[in-house]
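Please read these numbers as outputs of a predicted model, since none were measured by experiment.
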Amino acid sequence: WSFFNLPSQVQSLTWNIEVEAKDGRKFALMFAFHGNGDPGQGRVRNVARVTSDRDPVITIGVQYQQLKPDGGGQMGLPMLADPRTTLGACRWLLDKVMAEQPVDPERVFVGGFSMGAGYAGAFSQVEWRDNRAKFPFRAVFQFSGTPGGGSGKDAFPPVPHFFTVGELET
């Protein structure tokens, strides 16, 4: 697990890169957004469970919401930056990891839980709106949240969108 500061006010990045590309292999990448009151590190660890020895997945994410002094989460804590700044930092992080790690550009995904589902949707929509030729994601996963971003069919990128909702946001 690695942590370092991102540009602007977004606090930190977490990533799980436990892969070695000795044979020139490239790996899937999942950009994960935490939910309201959910420490980002925990969400990235949770999402990292999709990895396997046969097909490792690089998982990354940002902490876009303040945490309690003990590092724990709490519903309703303030955002570290406005959504536009946060998504700009996410793009910076995505570019950095894609350039420096053995990422397969045909297997890049974004997902989020609860409020993070809205961020995942908004990130995909902003990327689609701003640069369709370089749109990175092959699917969007939104768990117990809303689509986020714009509305209307044209706002959504033409990739699979998976929405799941648990009874208690589980």
Side-chain angles (χ1 to χ4, degrees), residues 1-6 10-65 71 73 86-87 89-128 131-149 156-170:
W1 295 94
S2 299
F3 302 91
F4 60 89
N5 290 329
L6 290 171
V10 179
Q11 184 178 24
S12 65
L13 138 82
T14 61
W15 57 355
N16 171 39
I17 300 179
E18 297 177 3
V19 298
E20 291 186 41
K22 295 177 185 174
D23 56 4
R25 287 176 50 196
K26 302 271 185 179
F27 304 101
L29 181 140
M30 171 62 92
F31 199 113
F33 286 93
H34 66 84
N36 185 356
D38 182 13
Q41 179 184 1
R43 183 61 46 196
V44 170
R45 278 194 185 118
N46 188 358
V47 172
R49 290 186 222 172
V50 301
T51 199
S52 69
D53 291 337
R54 185 181 73 78
D55 196 13
V57 177
I58 297 168
T59 55
I60 61 174
V62 297
Q63 181 68 43
Y64 58 84
Q65 185 179 30
T86 297
L87 295 179
C90 291
R91 182 67 223 195
W92 174 88
L93 170 59
L94 183 60
D95 288 343
K96 180 175 180 53
V97 173
M98 299 261 314
E100 296 178 2
Q101 300 299 323
V103 175
D104 178 351
E106 296 299 317
R107 296 189 302 151
V108 177
F109 309 97
V110 63
F113 174 74
S114 189
M115 186 165 66
Y119 268 98
F123 192 26
S124 72
Q125 291 174 27
V126 166
E127 291 298 309
W128 178 245
N131 194 347
R132 290 180 183 205
K134 289 189 163 188
F135 181 73
F137 305 118
R138 298 301 176 252
V140 180
F141 298 88
Q142 295 172 285
F143 307 101
S144 294
T146 61
F156 290 87
V159 297
H161 285 68
F162 298 91
F163 293 90
T164 59
V165 179
E167 181 180 348
L168 300 173
E169 269 207 343
T170 56

Self-check item: Smallest separation among heavy atoms of Leu93 and Gly61, with atom names
Solution: CD2-O, 4.0 Å
Exercise. List the atom of Ile58, the atom of Val103, and the distance in Å for their closest heavy-atom pair.
Key: CD1-CG2, 3.9 Å
Self-check item: Pro158 vs Arg132 side-chain heavy atoms within contact, under 4.5 Å
Solution: no
Quiz item: What's the shortest heavy-atom distance between Phe135 and Ser124, and which atoms?
Solution: CE1-O, 3.2 Å
Quiz item: Is a donor on one side and an acceptor on the other found under 3.5 Å between the side chain of Gln142 and the backbone of Ser144?
Solution: no
Quiz item: Looking at CD of Glu100 and CG of Asp95, how far apart are the two atoms once the value is rounded to the nearest 0.5 Å?
Solution: 10.5 Å
Quiz item: Do Phe31 and Val108 come close enough that some side-chain heavy atom pair is under 4.5 Å?
Solution: no
Self-check item: Close aromatic pair by centroid cut-off 6.0 Å: Tyr119 and His34
Solution: no
Quiz prompt | Shortest non-hydrogen separation from Pro136 to Leu94 and the atoms involved | solution = CG-CD2, 3.7 Å
Quiz item: Hey, are the side chains of Val159 and Trp128 touching, using non-hydrogen atoms and a 4.5 Å cut-off?
Solution: no
Quiz item: Would you say the ring centroid of Phe141 lies under 6.0 angstrom from that of Phe162?
Solution: yes
Quiz prompt | Minimum heavy-atom distance between Phe33 and Leu87, given as atom pair plus value | solution = CZ-CD2, 4.4 Å
Quiz item: Can any side-chain N or O of Gln65 pair as donor or acceptor with the backbone N or O of Asn36 at less than 3.5 Å?
Solution: no
Quiz item: From Asp38 CG over to Gln63 CD, what is the distance, rounded to the nearest 0.5 angstrom?
Solution: 8.0 Å
Quiz item: What are the two closest heavy atoms between Ala120 and Gly111, and how far apart are they?
Solution: CB-C, 3.6 Å
Quiz item: Using the ring of each side chain (for Trp, its six-membered ring), is Phe163 parallel, tilted or perpendicular to His161, with breaks at 30° and 60°?
Solution: parallel
Exercise. Please check if the side chain of Arg107 supplies one atom and the backbone of Lys26 the other of a donor-acceptor pair under 3.5 Å.
Key: yes
